[in-house]
Each structure stands twice: as structure tokens, then as C-alpha cells.
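This is a predicted model, so every value here is computed, not measured. All residue numbers in this chain count up from 1 along the given sequence. Side chains included, hydrogens not; waters and symmetry mates left out as well; all remaining heavy atoms used. Remember, it's 1-based here, ligands and their atoms both numbered in the order they're listed.
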Amino acid sequence: MNPELEFSRERMREIVEHLVTLPSQRVGTKGDPAVLLKALSEPVPEQGMEFEAVLDLVEREVLANTMHVNHPRFFAYVPGPGNYVGAMADALISGYNVFAGTWISGSGPAAVELTVLEWLREMCGLPAGAGGVLVSGGTLANLTGLTVARHVKIRDRLEDATVYFSDQAHSSLEKALRTIGLPAENHRKLPSDPAYRLPVGELARSIAQDRAAGKYPFCVIASAGTTNTGAIDPLPELSTLCRREGLWLHVDGAYGAAAVIAPRGRELLAGLELADSLSLDPHKWLFQPYEIGCVLVGDREHLRNTFKVLPEYLKDTQQHSEEFNFTDYGIQLSRNFRALKLWMSIKVFGLVAFRAALERGFAQGEFTEACLRAMSGWEIVTPAQMGIVCFRYPALDDAAHLRLVQTLLEDGFALITSTILRGRTVLRTCSINPRTTEADIQASLERLDSFARRAAKFKSTGR
Ligand SMILES: Cc1ncc(COP(=O)(O)O)c(C=O)c1O
């Protein structure tokens, strides 16, 4: 027994050691389900055991079987680079077990969250009356934004209501539409244009067709940085169309909207400020540990009108109108103080460092593209855009590309994953970790190249 819940200095140092030695470690490990489940499943332990022994188990069986999404050679999906100040803020939040749902329980935290939201609002250029709420991530941010759209535009009456988005929109949006009760036959998933963007002309035609058929178009979903290629839908044109048609414009900027703090991002993301609701994930390109997402709404009161329910046991929270209760502006009541990590890390490093870190993501994408162009045998499918590059090795078929990913997984030096564009399997890198170096990119691509050559040779010679 360890009733003091003691934690040795050496153990505390291990997390620092892990971060410092990350570049020399494998990019991560995917456990074998049969082995892992056998190692970890057990009846609920009646008696406690030594903390050190549990920690050993965590290290050996649990954390050893993860992908290090903050590894400098993790180029898969959307990396989670994180930062140390954010991680320490998370420890503080849990240690103090802050309740950030109401002013009465967490007034300091509410003031910090309001400040952080104001920073994000200003960065994105939304009007002064806009406001938002921090949530677990992009999925919940999209769900929150679309729930507000439903409430404001159609008073929650879903019959015949239609929503428009492109075939490149993130899957969380379809999940959100299902969750708010909008059946699939009311979703209009339009084929994207050659640059993988939502085509405005096609959209206008689809809306007109639906109106003529007695449907009730109410919302357009745009992407500000798609997961597949980093494409940004034409936001100003979409906003003009939405205003003309009286539709809500939800912008999913979970991946890309944070880039607005860098000059290049600001230019590419022109029109972001026109969103009626906007998702932005600090746990992606603002370098925070999971979980922190944000939804901003052009008029903050829309959030309150959508979500506020006041039961008798929370009446004490509502004594002073200037006291801000986040539970009135979103789905959660009990919620953690996730604002602290973003607030502390921006205060410690300064926005100037975040801007430089973000710019590095753009540069790393371009460096990746340049390396691939310099290596023979590779085809660039979509050029570097918002830190994302898609490419293929035309000598190999789709199945062989999938096998390349498996080879990288087993090799453990770097991870690059696949996606499908216009029916073809492609490889894709997302290089937003500011601790990634050009040498990391070069070495990872050389490794990939050697695996691709070997596979192509095997295909042609059978050995
Ligand atoms: C464009 C986009 N939207 C939404 C999401 C969902 O975000 P989360 O995984 O934080 O729920 C992602 C995740 O990668 C994304 O890239």
C-alpha cells in the first residue's frame, strides 16, 4: 500500500526523458490485439498494488503500444505535436480538478477561457459579438456548430431540411448531421472541383433544385483545410451565396483555421471571418495536447439560445448577469479547464513563436514536395498545401501502396499513411510538427523510396 500516493523524482523525470529522446525512438508501435488484450484483461483488482509496479506496467504494455503522434517523423493523419507547457497545464488542471462549467465553481478559469476565446475570435477576424466555447476537439466543435445552425435556421424542425458539403468534408460532419437527426437522404455531398474544393456553381444549382422540389436548404458546410489535401473551399463566394439564400455557413477549420495567425495562412484563409460558425482545433496546429477544440459562432447569443436549460439545482449559478456560465453555451455541464493549456503556452512562448512554428509546417510541406520531385519515380498528386502533400509511386498499384504503409509501420523509423483521391490510393504526409527537421523529412522519404523500389523490383522479377 502507498497511502501517500508517492511519486518518485526519477519517475517524474521519465516523462521529460521520453520527450527529449523522442527523435531517436521508434515512431511508435501498434500492438497485436491478441497479445495486448491477454496482457491487460483481468478481473477488477480488489486489492491495490505498488504504484511503481503499476507504472511499470503502464510503461511496458500501455504507452509502449502507442503511436507517438508528437514524434518528429510522424507524418500520418494529423500529427499532434503538443508542447511541454501545455502538458504541464494539463497536469495542473487534473491536480486541482477544476470545474469549468459555471462561474460559481470556476470564476478564474471562466475568465481565462473568455480571454482565450477572444484571442481566437480576433485571430480569425470574427465580429465583436462573436463568441464560442472550448470542446474536446473538431468532432464536437462541428457538432456544436451544426446544432446551433439547426436551432437558428430551422427551429430544430428537420423535415425536408437539406445541408450541402463536398466529398472532401471530414467524416465528423456526417456524424454530426446524423447526431442532430438529419437523415442521409437530406445530405447533399457534392463532387469536389479539380482542386478538391466545394464548387460554388454546382452548389447553387443543387440548392435551386432542392427548393424547386419543396425542400428546405438551411446550411452549407465549407472546409478551411481538408484532411485529405489541405484544400480550402472558396469562403468569400460561399458566404455571398449563403447570405443571398439565407443559409447558415459552417466552416470546418479544425485542421486549417489556426494557420490564420501566419501571413501565408491569413492570405489563403480570406473569408474565414464570414463564417456563421467555425471549428478550430488547438490540439492540431496550435500545438496543444489532446483534448482541445473550439467552436466560434458569429453571434454568441445563438449559442446560449441553443443550449441554455436552467434546472432548479443550478439557480445559484445565475445570480449576476455578468458572471459567465459556460454550461449555458454548450453541451457539457461538468467540463475541464482546457483553456489553461492554450493560455499558458501562448503566454510563455508568445504568439510570435506560434506563428514561426506554424510557418514551419508550410515550409516542411514544400520541402517534402521538393524532395519527392527530386527523387525519380514519384508522382505528386496534390502539391504542398497547408503542410499536406499527396503522392504516388506509379510503378506500384493501390494494394502495393497500402503495403508500403504496413512496411513503414513495421520498420518504425517514420510513419506516412494513405488516403484515396479520385478512386486512387495515394500516400500523404502532414508535416506540422515544428520539431521536425529537413533531415527527418529527407531520411524518411529515402527510406520510403527504398521500400518502394524493392516492392517494384519484386513485382517485376518476383524476388
Ligand atoms: C478537417 C477536420 N475536421 C474535423 C476533424 C475532427 O477533429 P477531432 O479528431 O479533433 O475530433 C479533423 C481531424 O483530423 C479534421 O482534419
Check: How does Thr139 reach ligand 1, by side chain, by backbone, by both or by neither, if only non-hydrogen atoms under 4.0 Å count?
Finding: both
Note to self: Can you name the atoms of ligand 1, numbered from 1 with element, that are less than 4.0 Å from a heavy atom of Ser172?
What the structure shows: 4 (C)
Item checked: Polar contact flag for Gly137 and ligand 1 (N/O pairs, less than 3.5 Å) -> no
Next item on the list: Verify, without hydrogens or angle tests, whether Arg73 (side chain) and Pro23 (backbone) share a donor-acceptor contact under 3.5 angstrom.
Entry: yes
Note to self: If you apply the rule side chain to side chain contact (heavy atoms under 4.5 Å, CB included), what do you find for Ser418 with His401, and how did you get there?
What the structure shows: CA-CA 8 Å; Ser418 72; His401 281 82; 5.8 Å; no
Notebook entry, point to check: Any donor-acceptor pair under 3.5 Å linking the side chain of Arg392 with the backbone of Leu396?
Noted result: yes
Next item on the list: Give me the ring orientation class for Tyr77 and Phe74: parallel if the planes are under 30° apart, tilted from 30 to 60°, perpendicular past 60°.
Entry: tilted
Check: Does the ring of Phe451 carry Arg403 above it, NZ/CZ under 6.0 angstrom from centre and within 45° of its axis?
Finding: no
Check: Hey, are Thr226 and Thr229 close enough side-chain-wise for a donor-acceptor pair under 3.5 Å?
Finding: yes
Next item on the list: Compare every heavy atom of Leu158 with every heavy atom of Arg150, then report the nearest pair and how far apart it is.
Entry: CD-CD2, 3.7 Å
Next item on the list: May I ask you to check if ligand 1 and Tyr255 share an N or O to N or O distance below 3.5 Å?
Entry: no
Next item on the list: For atom 16 (O) of ligand 1, find the nearest protein heavy atom and state the residue, atom name and distance (0.1 Å precision).
Entry: Thr227 OG1, 2.9 Å
Notebook entry, point to check: Does a sphere of radius 6.0 Å around CD in Glu185 hold more than 12 heavy atoms from other residues, nucleotides or ligands, not counting ones at 6.0 Å or beyond?
Noted result: yes
Next item on the list: Would you mind telling me if ligand 1 is within reach of the side chain of Asn142, the backbone, both or neither, using heavy atoms under 4.0 Å?
Entry: side chain
Check: Where on Asp281 is there a heavy atom closer than 4.0 Å to ligand 1, on the side chain, on the backbone, on both, or on neither?
Finding: side chain
Notebook entry, point to check: Are Gly293 and ligand 1 in contact, using a heavy-atom cut-off of under 4.0 Å?
Noted result: no
Next item on the list: Record the part of Lys284 in heavy-atom contact with ligand 1 below 4.0 Å; permitted values are side chain, backbone, both and neither.
Entry: side chain
Margin query: For atom 3 (N) of ligand 1, what's the nearest protein heavy-atom neighbour? Residue, atom name and distance, please.
Written below: Asp252 OD2, 2.7 Å
Checklist line | Check: Thr21/Glu17 side-chain N/O donor and acceptor closer than 3.5 Å | finding: no
Checklist line | Distance filter under 4.0 Å to Gly225 heavy atoms, resulting ligand 1 atoms | finding: 1 (C)
Next item on the list: Around atom 6 (C) of ligand 1, find the nearest protein heavy atom and jot down its residue, atom name and distance.
Entry: His170 CE1, 3.5 Å
Check: Which atoms from ligand 1 have a heavy atom of Val78 less than 4.0 Å away?
Finding: 14 (O)
